[in-house]
Participant: 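What follows is a structure written as structure tokens; I'll ask about it next.
Only this structure's heavy atoms are used, side chains among them; waters, hydrogens and symmetry mates stay out.
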Amino acid sequence: MSATRPPLLLRYEPTSADVEAVRALVARTAYFNAEEVGIAAELVEERLAKGEDSGYEFVLAHDEVGKLLGYACFGKIPCTTNRYDLYWIAVDPERQGRGLGRELLRASEDRIVALGGARVYVDTSTRPQYASTRAFYERCGYELDAALECFYGPGDGKAIYRRILKSD
């Protein structure tokens with residue numbers, strides 16, 4: 001007999017409790033440095049302070065008791081007609097490999113289309129540590145658009161992926 005998956009709840013508006021929940025979640029992944037962890041929390045604060053004017057949109061996944069299991073943050077790219085950046089997607093290490101990242105990505109894409117977006121771009125590192133991240137995006141239908149050598153630092157390039165969500 002297989003265990004049933006506990007219900008997953010998605011919401012689109014962060015709360016003040018999410019500032020620390022996002023900070024803790026991003027830190028637990030062990031992919032990001034202290035500065036990056038701080039920025040993830042700051043984006044939640046920015047959304048709370050400015051609402052839609054912040055330019056940041058969220059999809060937050062939690063369990064029935066409210067524990068944050070994963071989240072995504074995205075926003076419209078300034079000076080474009082309908083292009084969006086996916087800034088963050090992070091899943092609790094205990095939940096990785098079970099489809100939650102894909103659910104968050106699809107929910108983000110659906111929201112982007114609802115907001116009028118047609119394309120979404122994702123930046124990630126080319127370091128070996130991020131090979132599984134790059135493979136994830138490729139499995140989800142993203143194509144590598146550009147690779148910039150040593151962008152983040154020596155030996156740490158930037159891979160830019162793109163997915164067309166609807167025709168222009």
Side-chain angles (χ1 to χ4, degrees), residues 5-125 129-130 132-134 136-137 140-142 152 158-163 165-166:
R5 185 171 129 181
L8 180 69
L9 305 167
L10 297 179
R11 59 190 166 81
Y12 303 93
E13 283 298 327
T15 67
S16 58
D18 289 318
V19 175
E20 290 309 314
V22 163
R23 184 187 316 275
L25 175 79
V26 171
R28 277 196 311 276
T29 69
Y31 271 76
F32 305 103
N33 64 40
E35 182 180 14
E36 292 167 322
V37 170
I39 289 170
E42 285 175 20
L43 298 185
V44 178
E45 291 172 331
E46 185 82 4
R47 174 65 189 213
L48 292 172
K50 295 183 178 178
E52 289 179 8
D53 289 341
S54 70
Y56 300 115
E57 300 286 338
F58 288 84
V59 177
L60 301 116
H62 57 93
D63 64 14
E64 65 280 354
V65 296
K67 179 185 177 192
L68 185 66
L69 303 174
Y71 88 106
C73 175
F74 56 92
K76 186 175 180 299
I77 301 171
C79 302
T80 68
T81 47
N82 54 9
R83 305 320 194 223
Y84 279 73
D85 267 328
L86 178 66
Y87 301 117
W88 290 90
I89 187 165
V91 173
D92 188 297
E94 294 179 7
R95 293 293 298 247
Q96 290 175 3
R98 296 194 232 169
L100 178 54
R102 186 178 293 269
E103 276 188 68
L104 286 166
L105 187 58
R106 294 297 175 237
S108 298
E109 292 169 347
D110 290 346
R111 184 82 178 115
I112 288 167
V113 169
L115 292 168
R119 292 180 184 220
V120 61
Y121 294 86
V122 180
D123 301 350
T124 192
S125 173
Q129 175 187 4
Y130 286 84
S132 62
T133 301
R134 294 187 303 275
F136 166 76
Y137 289 121
C140 291
Y142 284 71
Y152 298 108
K158 178 180 188 174
I160 303 170
Y161 286 88
R162 166 196 38 85
R163 181 151 192 247
L165 302 177
K166 66 179 187 177

Participant: If you define the side chain from C-beta out and look only at heavy atoms, does anything of T133 sit under 4.5 Å from Y161?
Facilitator: no
Participant: Using 4.0 Å as the upper bound for N to carboxylate O, is an ion pair formed by K76 and E57?
Facilitator: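 Here E57 does not pair with K76 in a salt bridge, since their nearest N and O are not under 4.0 Å apart.
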Participant: Tell me whether the centres of the aromatic rings in Y31 and Y130 are closer together than 6.0 Å.
Facilitator: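 Distance test on ring centres: under 6.0 Å, yes.
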Participant: Do D92 and K67 pass the side chain to side chain contact (heavy atoms under 4.5 Å, CB included) test, and can you show the C-alpha distance, the side-chain angles, and the key distance before you say yes or no?
Facilitator: CA-CA 10 Å; D92 188 297; K67 179 185 177 192; 3.8 Å; yes
Participant: Could you report the tightest heavy-atom contact between L104 and G70, atom names first, then the distance?
Facilitator: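 Scanning both residues completely, I find the closest heavy atoms to be CD1-C, 3.7 Å.
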Participant: Quick check: closest heavy atoms across L69 and D63, and the distance to 0.1 Å?
Facilitator: CD1-N, 3.7 Å
Participant: Given Y84 and R111, is the side chain to side chain contact (heavy atoms under 4.5 Å, CB included) satisfied, shown in steps?
Facilitator: CA-CA 11 Å; Y84 279 73; R111 184 82 178 115; over 6 Å; no
Participant: Might you confirm whether atom NZ of K166 has over 12 heavy atoms from other residues, nucleotides or ligands at distances under 6.0 Å?
Facilitator: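 Counting neighbours around NZ of K166, more than 12 heavy atoms of other residues, nucleotides or ligands fall under 6.0 Å, so yes.
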Participant: Give the minimum heavy-atom separation between G101 and I89, together with the two atoms involved.
Facilitator: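 Nearest heavy atoms, G101 then I89: O-CD1, 3.4 Å.
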Participant: Do you know which two heavy atoms are closest between P14 and R47, and how far apart they sit?
Facilitator: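 Of all heavy-atom pairs spanning P14 and R47, the closest is CG-CG, 3.6 Å.
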Participant: Would you say that N33 contacts E36 through its side chain, given a criterion of any heavy-atom pair below 4.5 Å between the two side chains?
Facilitator: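 Yes, at least one pair of side-chain atoms sits under 4.5 Å.
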Participant: Assess whether a salt bridge exists between E109 and R106, defined as any Lys/Arg side-chain N lying under 4.0 Å from an Asp/Glu carboxylate O.
Facilitator: yes
Participant: Tell me whether D18 is salt-bridged to R11, with the criterion being a basic N under 4.0 Å from an acidic carboxylate O.
Facilitator: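 Salt bridge present between D18 and R11.
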Participant: Quick one: are V59 and F74 in side-chain contact, heavy atoms under 4.5 Å?
Facilitator: yes
Participant: Can you see which heavy atom on L25 is nearest to which on A90, and at what distance?
Facilitator: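 In terms of heavy atoms, the two residues are closest at CD2-O, 3.8 Å.
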Participant: Please tell me if the side chains of Y137 and L86 come closer than 4.5 Å, counting only heavy atoms from C-beta onward.
Facilitator: yes
Participant: Find out whether W88 and V22 are in side-chain contact, i.e. whether some heavy atom of one side chain is under 4.5 Å from a heavy atom of the other.
Facilitator: no
Participant: Measure the acute angle between the ring planes of F58 and Y71, then classify it against the limits of 30° and 60° as parallel, tilted or perpendicular.
Facilitator: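 Taking Y71 first and then F58, their aromatic rings lie parallel (interplane angle under 30°).
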Participant: If you define the side chain from C-beta out and look only at heavy atoms, does anything of L68 sit under 4.5 Å from L60?
Facilitator: yes
